[in-house]
Amino acid sequence: MTTINFENQVVIVTGAGGGLGRAYALELARRGAAVVVNDLGGNVEGGSGSSAMATQVVAEIRQQGGRAIASCDSVSTEAGAKAIVDTALETFGRLDAVINNAGNMRLSSLAEGCAEDLQSLLAVHLFGSYFVTRAAWPVMQRQQYGRVLFTASSAGLFGNQGQGFYGTAKAAVFGLMNTFAIEGESQGILCNAILPFASSRMTEHAMQGMDEEYLKRTMPVFASLKNSTQPEFTAGLATYLVSNVCRSTHGLYSSCGGRMARAFVGVTRGWQGSREVAPDAETIAEHFAEITALDTEGFSVPQSPSDELKQVLMAKS
Ligand code: NAD
């Protein structure tokens, strides 16, 4: 079995003051990484801030003999993101990997929520992931090496009650990863995204957005997953994906109740119409069952729009 270590490597973990980020930071430090423990230290909705959360995790890492520095800058501004990257470079002299994990949560149905909620979620999840990655990018380009892990969510990829705005921001993070992965691959910068599932203050808060019927169905499932919902159960996957043995890029991975799996957006075999005559709505209706069918053998996972076009051209008409 390959041993994975982070000796002489520097990793930024955003939102590492608690929950999943804290588990990642502790695990990376245990394996030799010098870690920038970034956390705004605010409430779950993203308001206010304090240095207590980040400094507490740094103290834990140092107590265990590891190397870490606290950063309390917000990921959601360009200046904050630059300061986080500068902290890594000024304190430890290099930067090898970034885990974009910081996140906030605001609950409401899409019908009742307000634009300010959506903006607040986009600011942390989407702009935060973009700003921090953008600030780290030139460093990684210069050294022709880097690992970036983005945090998406099944609430975005599949949808979830009370989390429409949150899910929208998380789905956008998946979009961001797709193209950073394409732009980074030839320069040794590998980008992936994770769909975690873990008990944290955020999941406790999210429960408040569920109706009673949903909770009745969900709580027993949650309880039966027992320990495997602890953040530590996701730390192994996150650690692997930002390590120098990882070769995956442009991937989306789910960690849920101890099961690790690839998730993907794919295209079914579908129905191939004429390449000369445009199909009308009636023809679509006629073939809709074929268009919709989840043919588990015929699907493909395009890596770009041109990849999808190539696959269509290669299919028999
Ligand atoms: P958490 O609330 O414990 O962690 C999020 C951390 O991000 C907090 O410590 C918070 O202070 C920090 N943060 C918020 N805004 C910030 C900002 N502007 N700058 C810097 N730090 C900021 O929740 P968690 O469950 O550990 O979530 C970690 C990540 O995983 C989040 O992106 C979340 O959306 C995502 N996620 C979690 C789950 C889950 O099941 N827990 C599922 C899917 C996705």
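One-based numbering, in listed order, for ligands and for the atoms of each.
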Going by distance alone, is a donor N or O of one side chain under 3.5 Å from an acceptor N or O of the other, for Thr239 and Arg31?
-> no
What atoms of ligand 1 come closer than 4.0 angstrom to any heavy atom of Phe197?
-> 40 (O)
Should Glu204 and Arg201 count as an ion pair when the cut-off is N to O under 4.0 Å?
-> no
Does the pair Arg134/Glu78 count as a salt bridge with the N-to-O cut at 4.0 Å?
-> no
Provide, to 0.1 Å, the distance between atom 26 (O) of ligand 1 and the closest protein heavy atom, together with that atom's residue and name.
-> Leu20 N, 2.8 Å
Could you tell me which atoms of ligand 1, counted from 1 in the order shown, lie closer than 4.0 angstrom to a heavy atom of Thr151?
-> 29 (C), 30 (O), 32 (O), 35 (C)
For Phe197 and Gly257 the tightest heavy-atom approach is CD2-N, 4.3 Å
List the closest protein heavy-atom neighbour of atom 18 (N) of ligand 1: residue, atom name, distance to the nearest 0.1 Å.
-> Ser74 OG, 3.0 Å
Among the clusters formed by ILVMFWY side chains lying less than 4.5 Å apart, do Leu40 and Val37 turn up in the same one?
-> no
Is the Tyr166 ring parallel, tilted or perpendicular to the His125 ring (thresholds 30°, 60°)?
-> perpendicular
Pair Tyr240 and Tyr253, ring centroids less than 6.0 Å apart = no
Nearest to atom 28 (C) of ligand 1 by heavy atom, Thr77, Asn101, Val75, Asn100: which?
-> Asn101
Just heavy atoms, cut-off under 4.0 Å: does Leu40 contact ligand 1 by side chain, backbone, both, or neither?
-> both
Say whether, by atom type as modelled, one donor and one acceptor occur between the side chain of Thr55 and the main chain of Ser51 under 3.5 angstrom.
-> yes
For Tyr166, the atoms of ligand 1 under 4.0 Å from one of its heavy atoms are 33 (C), 34 (O), 35 (C), 36 (N), 43 (C), 44 (C)
Atom 41 (N) of ligand 1: nearest protein contact (heavy atom, Å) = Ala198 O, 3.0 Å
Is the closest side-chain donor-acceptor distance between His250 and Asn192 under 3.5 Å?
-> no
Should you measure from each heavy atom of Met53, which atoms of ligand 1 turn up under 4.0 Å away?
-> 9 (O)
Measure the distances from the heavy atoms of Ser199 to every atom of ligand 1 and state whether one is below 4.0 angstrom.
-> no
At a non-hydrogen distance cut-off of under 4.0 Å, which region of Pro231 contacts ligand 1 (side chain, backbone, both, or neither)?
-> neither
With backbone taken as N, CA, C and O and side chain as the heavy atoms from C-beta onward, which portion of Asn38 lies under 4.0 Å from ligand 1: side chain, backbone, both, or neither?
-> side chain
Note the single closest protein heavy atom to atom 22 (C) of ligand 1, along with its residue, its atom name and the distance in Å.
-> Ala102 CB, 3.6 Å
Identify, by atom number and element, the atoms of ligand 1 in contact range of His125, meaning under 4.0 Å from any of its heavy atoms.
-> 32 (O), 34 (O)
Would you say Asp39 contacts ligand 1, with heavy atoms under 4.0 Å as the rule?
-> yes
Close-contact set for ligand 1 against Thr203 heavy atoms, below 4.0 Å | 39 (C), 40 (O), 41 (N)
Check ligand 1 against Gly41 and write out every atom of the ligand that is under 4.0 Å from a heavy-atom position of the residue.
-> 11 (O)
Checking Arg142, Gln141, Gln143 against Tyr145 for side-chain contact (heavy atoms from CB on, under 4.5 Å), the one that qualifies is Gln143
What protein heavy atom is closest to atom 5 (C) of ligand 1, reported as residue, atom name and distance in Å?
-> Gly103 O, 3.6 Å
Gly19 heavy atoms, cut-off 4.0 Å: which ligand 1 atoms fall inside?
-> 3 (O), 26 (O)
Heavy-atom distance to atom 1 (P) of ligand 1: which of Lys170, Met105, Arg201, His205 wins?
-> Arg201
Any donor-acceptor pair under 3.5 Å from Thr87 side chain to Ala83 backbone = yes
Among protein heavy atoms, which lies nearest atom 42 (C) of ligand 1, and at what distance?
-> Pro196 O, 3.0 Å
Side-chain donor or acceptor of Arg147 paired with backbone N/O of Ser243 under 3.5 Å | yes
In terms of residue, atom name and distance, what is the protein heavy atom nearest to atom 25 (O) of ligand 1?
-> Ser200 OG, 2.5 Å
Starting from atom 4 (O) of ligand 1, locate the nearest protein heavy atom and write down its residue, its atom name and how far away it is, to 0.1 Å.
-> Gly15 O, 4.3 Å
